[in-house]
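What follows is a short report on a single structure.
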Amino acid sequence: MSTDPTSSFYTDNAALYAARDRKLPRQRLDAFLNALPAGAAILELGCGGGQDAAYMLSHGFDVTPTDGSAELAKEAENRIGRPVRIMRFETLDATEAFDGVWAEASLLHVPRSVLPDVFDRILRALKPTGVFHASFKAGEAEGHDKFGRYYNYPSAAWLEAMLSAGGWRNITMTEADGGGFDGEPTRWLHVKAPK
């Protein structure tokens, strides 16, 4: 049993979380997929219930879905009908293996002190022409939500500076209002960057 409240939340609520009424980020998915070659190899970090993976698979892409929660991985496997790798972000150890890395609402749980290493691992995992997508809940300081889940809550400037320092170039960042599982109004940061 995990003592980390974020991991415990996803372990204890996997079925509820995976089955929640979630609007697919179709516009962001399509923009990401359109930047990749047909049938491209995509690593999904934090696949949750598997909805995004199912969409990418239905469009003919070679998706490797991963999640840090074994329970959520099982839920995603049931949805997409293929294995989901149980993996924490800080253990990613691939070199030029993927055309794209999709991390929708997942890296927002990575402690700020660990983010530079995770970004380095993603950069290394991408092929030379690879594309990275991630989204974060915006803020000014790390903290926890009402369920006890940790969030790094970056500002756009802080996040862009960290990515730039790590060697990312041509970073595109957009902001949008929305929500999340906690039902609270949320300012979202969406990051897209080529390798």
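Only this structure's heavy atoms are used, side chains among them; waters, hydrogens and symmetry mates stay out. Counting begins at 1 with the first residue of the sequence.
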Subject >> Distance-only donor-acceptor check, side chains Tyr55 and Asp30, under 3.5 Å >> reply: yes
Original post:
Quick check: does any side chain N or O of Lys195 sit under 3.5 Å from a backbone N or O of Leu123, one acting as donor and the other as acceptor?
Top reply: yes
Original post:
Within the distance-only criterion (no hydrogens, no angle test), does the side chain of Ser135 pair as donor or acceptor with the backbone N or O of Ala105 below 3.5 angstrom?
Top reply: yes
**OP:** Taking the side chain as every heavy atom from C-beta outward, state whether Val191 and Leu159 have any pair of such atoms under 4.5 Å apart.
**Re:** yes
Subject >> Closest contact, heavy atoms only, Ala73 versus Ile86 >> reply: CB-CG1, 3.9 Å
**OP:** Answer yes or no: is there a donor N or O on one side and an acceptor on the other, between the side chain of Asp99 and the main chain of Ala41, under 3.5 Å?
**Re:** yes
Subject >> Side-chain heavy-atom pair Met162, Pro116 within 4.5 angstrom cut-off >> reply: yes
Subject >> Test item: Ser164 side-chain N/O and Glu160 main-chain N/O as donor-acceptor pair under 3.5 Å >> reply: yes
**OP:** Identify whether Phe89 and Leu92 are in the same connected component of the hydrophobic contact network (ILVMFWY, side-chain heavy atoms under 4.5 Å).
**Re:** yes
Original post:
Between Trp102 and Phe32, does the ring centroid distance fall short of 6.0 Å?
Top reply: yes
**OP:** Give the cluster check for Ile80 versus Leu29: same hydrophobic cluster or not, with ILVMFWY residues linked at side-chain heavy-atom distances below 4.5 Å.
**Re:** yes
Subject >> Donor-acceptor contact below 3.5 Å, side chain Trp188 vs main chain Gly179 >> reply: yes
**OP:** Check the pair Tyr153 / Leu189 against side-chain contact (heavy atoms from CB on, under 4.5 Å), numbers first and verdict last.
**Re:** CA-CA 10 Å; Tyr153 292 127; Leu189 302 176; over 6 Å; no
Original post:
From Leu43 CG over to Phe98 CZ, what is the distance, rounded to the nearest 0.5 angstrom?
Top reply: 4.5 Å
**OP:** For residues Phe61 and Leu36, determine if any side-chain heavy atom of one lies less than 4.5 Å from a side-chain heavy atom of the other.
**Re:** yes
Original post:
Any donor and acceptor pair, going by atom type alone, linking the side chain of Thr186 with main-chain N or O of Glu184 inside 3.5 Å?
Top reply: yes
Original post:
Do any N or O atoms from the side chain of Asp177 and from the backbone of Arg187 form a donor-acceptor pair under 3.5 angstrom?
Top reply: no
Subject >> Heavy atoms of other groups near Arg121 CZ, more than 12 under 6.0 Å >> reply: yes
**OP:** Answer with yes or no whether the hydrophobic clustering places Val110 together with Ile122; edges join I, L, V, M, F, W, Y residues whose side-chain heavy atoms lie under 4.5 Å apart.
**Re:** yes
Original post:
Is atom NZ of Lys23 surrounded by more than 12 heavy atoms (other residues, nucleotides or ligands) closer than 6.0 Å?
Top reply: no
Original post:
Between Arg82 and Glu77, is there a salt bridge with N-O shorter than 4.0 Å?
Top reply: no
**OP:** Given side-chain contact (heavy atoms from CB on, under 4.5 Å), test Val84 with Cys47 step by step and report yes or no.
**Re:** CA-CA 8 Å; Val84 172; Cys47 70; 3.7 Å; yes
Original post:
Does Thr95 reach the main-chain N or O of Arg124 with its side chain, forming a donor-acceptor pair under 3.5 Å?
Top reply: no
**OP:** Let me see the working for Glu96 and Leu126 under side-chain contact (heavy atoms from CB on, under 4.5 Å), right down to the final yes or no.
**Re:** CA-CA 5 Å; Glu96 296 189 1; Leu126 283 169; over 6 Å; no
Original post:
Quick one: does Arg149's side chain get under 4.5 Å of His144's, heavy atoms only?
Top reply: no
**OP:** Verify side-chain contact (heavy atoms from CB on, under 4.5 Å) between Glu44 and Thr64, making sure each step is shown before the conclusion.
**Re:** CA-CA 6 Å; Glu44 183 177 13; Thr64 300; over 6 Å; no
Original post:
For the residue pair Gly49 and Arg79, what are the closest heavy atoms and their distance?
Top reply: O-NE, 2.8 Å
**OP:** Spell out, yes or no, whether Met173 and Val101 are grouped together once hydrophobic residues are joined by side-chain heavy atoms under 4.5 Å, including indirect joins.
**Re:** yes
Original post:
So does Gln27 have more than 12 non-hydrogen atoms from other groups sitting under 6.0 Å from CD?
Top reply: no
Original post:
Just by modelled atom types, is the Leu107 backbone N or O under 3.5 Å from a matching donor or acceptor in the Asn152 side chain?
Top reply: yes
Original post:
Within 45 degrees of the axis of the six-membered ring of Trp158 and under 6.0 Å from its centre: does Arg112 put its NZ or CZ there?
Top reply: yes
Original post:
His109 and Tyr151: aromatic ring centres closer than 6.0 Å?
Top reply: yes
**OP:** Using atom types as modelled and distance alone, determine if a side-chain donor or acceptor of Ser106 lies under 3.5 Å from a backbone N or O of Leu45.
**Re:** yes
**OP:** Find out if a path of hydrophobic residues (ILVMFWY) with successive side-chain heavy-atom gaps under 4.5 Å connects Leu108 to Val118.
**Re:** yes
